[in-house]
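To start, the structure under review is shown below, and the notes come after it.
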Amino acid sequence: LRVLQDAGRLIQPQTRNVSSRSTVDSEEVAKFSSLSEQWWDSRGEFAPLHHLNALRIPLVQMAAGRVTETSSMSSSESPTGTAEPRAQLRGLKVLDIGCGGGLLSEPMARLGASVLGLDASQRSIDVAQHHSSLDSSLAGQLEYRCGAAEDLPNSSTFDVVIASEVIEHVSDQRSFVDTCCHLVRDGGSLVFTTLNKTCLAYYLGIVAAESLGIAPSGTHEWDKFISPDALSMHVMNSSDSVMRVELSRGMTYNPVSQRWTWSDSMPINYALVA
């Protein structure tokens, strides 16, 4: 069980070039840097990510608590079929790759985890650091760092590694997954949330989402969407270790109620835990 993450890439005027190690895409970094001041506006461009925490937090708690029985996932409220998963994060080391402004990092730290938030955008990291400084209870629990997953020391390992809404923005998905698998300790967990590579995901996740203002224009490229099967294969074929996918489940967003729910189908958004 292990993980994934963030991104690296250098660009020439009209082309994108991948560095020998990093999978960061500089065009993607520039895109999110331009939106960095909006990270903590719960009614702004990142509103769906704020609301997504209603699923992401229980998902991380589940992964940390090893509650991975897919047969028990009948509820729309929780991936495990319980409204309030009991597994907590106290004492765990957690890596949040592509943390942006810290929307997921902060609540995980409040649950007791020791969190490292990593992002390739310095402007996003500046926003995250400023926001966390407003809550003294986070001191010593939460650290932010600008960089790519590939830049972390080989000796760095974590109990839980998360790449939420990240893999669809990197330059080399296979390398990204392989690199980040090195960051999860033996027996640890990896958590992804991303978009499926389907026609429905294109029309609803890009065309409709951007036209309705649910996502900023140019946020996603359909060519970078990845199917659950392809993502599972990258995880299981990691050169670092043999891992088993424990969970894959759909996530559905209602733009009217601004509410995310779990779904048994995965035509657009989904989560994967290994």
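Residues take their numbers from the sequence shown, with the count starting at 1.
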| message | Going by the rule salt bridge (Lys or Arg N to Asp or Glu O under 4.0 Å), which residues pair with Arg145 if we only count those two or more places apart in sequence or in a different chain? | response | Glu143

| Hydrophobic cluster (4.5 angstrom, side-chain heavy atoms) - remaining members for Phe225 | Leu195, Leu200, Tyr202, Tyr203, Leu204, Ile206, Val207, Trp222, Ile268

| Donor-acceptor contact present, side-chain Asn53 to main-chain Leu103, <3.5 Å | yes

| note | By side chain to side chain donor-acceptor pair (under 3.5 Å), Glu210 pairs with (sequence neighbours left out) none

| request: Please name all residues satisfying ring pair (Phe, Tyr, Trp, His ring centres under 6.0 Å) with His131, sequence neighbours left out, ordered by chain then number. | output: Trp40

| request: Indicate the atoms forming the closest heavy-atom contact of Gln88 with Gln61, along with that distance. | output: NE2-NE2, 3.5 Å

| Residues which pass salt bridge (Lys or Arg N to Asp or Glu O under 4.0 Å) with Glu168, listed by chain and number, not counting sequence neighbours | none

| request: For Asp41, check salt bridge (Lys or Arg N to Asp or Glu O under 4.0 Å) against everything at least two apart and list the hits. | output: none

| task | Apply the side-chain contact (heavy atoms from CB on, under 4.5 Å) test between Val273 and each candidate in Thr193, Leu59, Val60; give the one that qualifies. | result | Leu59

| said: Restricting to ring pair (Phe, Tyr, Trp, His ring centres under 6.0 Å), what partner residues turn up for Phe32, sequence neighbours left out? | reply: His169

| task | State, to 0.1 Å, how close His182 and Asp178 come at their nearest heavy-atom pair, and which atoms those are. | result | CD2-O, 3.0 Å

| query | Can you name the residues that form a side-chain contact (heavy atoms from CB on, under 4.5 Å) with Ser227, not counting sequence neighbours? | reply | Asn196, Asp229, Ala230

| task | Please name all residues satisfying side-chain contact (heavy atoms from CB on, under 4.5 Å) with Asp223, sequence neighbours left out, ordered by chain then number. | result | none

| field | Partner set under side-chain contact (heavy atoms from CB on, under 4.5 Å) for Ser136, not counting sequence neighbours | value | none

| field | Test side chain to side chain donor-acceptor pair (under 3.5 Å) applied to Ser33 - qualifying residues, sequence neighbours left out | value | Ser121

| field | Residues which pass side-chain contact (heavy atoms from CB on, under 4.5 Å) with Ala47, listed by chain and number, not counting sequence neighbours | value | His51

| query | Of all heavy-atom pairs between Tyr144 and Gly102, which one has the smallest distance, and what is that distance? | reply | OH-CA, 3.4 Å

